**Student:** 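Mind looking over this structure? Questions follow.
Residue numbering restarts at 1 for every chain, and letters A, B, ... go by the order of the sequence lines. The model shown is predicted, which means the values in this text are computed figures rather than measured ones.
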2 protein chains.
Amino acid sequence: MAHTHDGAHDLTRNQSLVLETLNAQPSPLSAYDILDRLRGAGLRAPLQVYRALDKLVAMGLAHRLESLNAFVACADAQCHRKGLIGFAICENCGRVDEFADEVIETQLGTWADRTGFSIKQTTMEIRGRCALCREAA
Amino acid sequence: MAHTHDGAHDLTRNQSLVLETLNAQPSPLSAYDILDRLRGAGLRAPLQVYRALDKLVAMGLAHRLESLNAFVACADAQCHRKGLIGFAICENCGRVDEFADEVIETQLGTWADRTGFSIKQTTMEIRGRCALCREAA
DNA sequence: ATCTGCTATGTTATGACATTACGGTGTTGC
DNA sequence: GCAACACCGTAATGTCATAACATAGCAGAT
């Protein structure tokens, strides 16, 4: 691969297709949802989607939501956010908000130092009802 | 059910079996792992385990780890901990530590207030390597 | 006592998510 | 050339979770 480390990644065909599919949707999609939407483009097997997703997640262009077994495009594809990202998932409309909180990150770091735990990855997902859905009710 | 709201819950047979299985194991078990260990006791189908797990989780006697699709017994079965619980999962030995952090909880509350999000449930799971496994290496 | 409602149970089948295994293609660099 | 590497395609399988339906036991009310 042509190693452009800074600007846009050059994505392969499958990766582009998957990322476009995610970007076209404000709420999370499962790998099989994505597959179904890409059958017209020639994709046939789950693995084609999962391979693309793995790369996109590694690049920070997409995120996996563990509590949903589903994926979303990164809200800010430019910024390759580092550190902790949290997700607020509305159970009514399905929309997902990303947030980053340094206090929480620091707090986790402190806990890790104190206990000797070395953090590789953090999952933080809150479920509930977003502001729009609350006032709609 | 005999509505003892305070002391030990009275568990049904299946619930007891599942809870004992979880308690006998320091690391998480999948529902199917549990099922396999309980075939001798007469359990045959996943649903029997899932139903028991649902209740145990609702009672706070067990927890579901979303990033693992697996379950652990609550570390402190007495305390029916309320509020936010985090889990530190060692990817080497599989052991899981629970932690509760009020600062993080407050911080999430603040974020929710600010954005109008109403929190129903929070998942917080960190993956990495525990102190024991680090020094062993 | 029987009817009703509730909870738990058991069983079969199926749905939903994810990976293993294998082989092929194209590019890069020696 | 050809070895190393990343990506791609396909089939089969593995793992996690629920739907749908039928039954049993136990309360309280009539």
**Student:** Tell me if the aromatic rings of H63(B) and F87(B) count as close, with their centers under 6.0 Å from one another.
**Tutor:** yes

**Student:** Whole angstroms only, please: what is the CD1-P distance between I34(A) and dA18(C)?
**Tutor:** 10 Å

**Student:** Which of these nucleotides, dG9(D), dT11(C), dT10(D), is closest to any side-chain atom of L43(A)?
**Tutor:** dG9(D)

**Student:** Distance check needed: dT11(C) P versus L38(B) CG, whole Å only.
**Tutor:** 14 Å

**Student:** Would you tabulate the nitrogen or oxygen pairs shorter than 3.5 Å linking the protein to nucleotides 12-19 of chain D?
**Tutor:**
from: dC16(D); atom 1: OP2; to: S30(B); atom 2: OG; distance (Å): 3.4
from: dA17(D); atom 1: OP1; to: R64(B); atom 2: NH1; distance (Å): 3.1
from: dA17(D); atom 1: OP1; to: R64(B); atom 2: NH2; distance (Å): 2.1
from: dA17(D); atom 1: OP2; to: Y50(B); atom 2: OH; distance (Å): 3.1
from: dA17(D); atom 1: O5'; to: Y50(B); atom 2: OH; distance (Å): 3.3
from: dA17(D); atom 1: N7; to: Y32(B); atom 2: OH; distance (Å): 2.8
from: dA17(D); atom 1: N6; to: Y32(B); atom 2: OH; distance (Å): 3.0

**Student:** For dA8(C) and K55(B) - does any side-chain N or O of the residue sit under 4.0 Å from the phosphate oxygens OP1/OP2?
**Tutor:** yes

**Student:** Taking side chain as C-beta onward, heavy atoms only, is L11(B) less than 4.5 Å from L61(B)?
**Tutor:** yes

**Student:** Anything under 30° is parallel, anything over 60° is perpendicular, the rest tilted; go ahead and classify W111(A) against F117(A).
**Tutor:** tilted

**Student:** Verify the contact: side-chain N or O of T12(A) to OP1 or OP2 of dA6(D), cut-off strictly under 4.0 Å; return yes or no.
**Tutor:** no

**Student:** To the nearest 10 degrees, how far apart in direction are the end axes of the helix from dA1(C)-dT30(D) to dC30(C)-dG1(D), each fit to five base pairs?
**Tutor:** 10°

**Student:** For atom CZ of R64(B), is the number of surrounding heavy atoms from other residues, nucleotides or ligands below 6.0 Å larger than 12?
**Tutor:** yes

**Student:** Under 4.0 Å from OP1 or OP2 of dG9(D): is there any side-chain N or O of R44(A) that close?
**Tutor:** no

**Student:** Look at the side-chain N and O atoms of Q48(B) and state whether any lies under 4.0 Å from the OP1 or OP2 oxygen of dT9(C).
**Tutor:** no

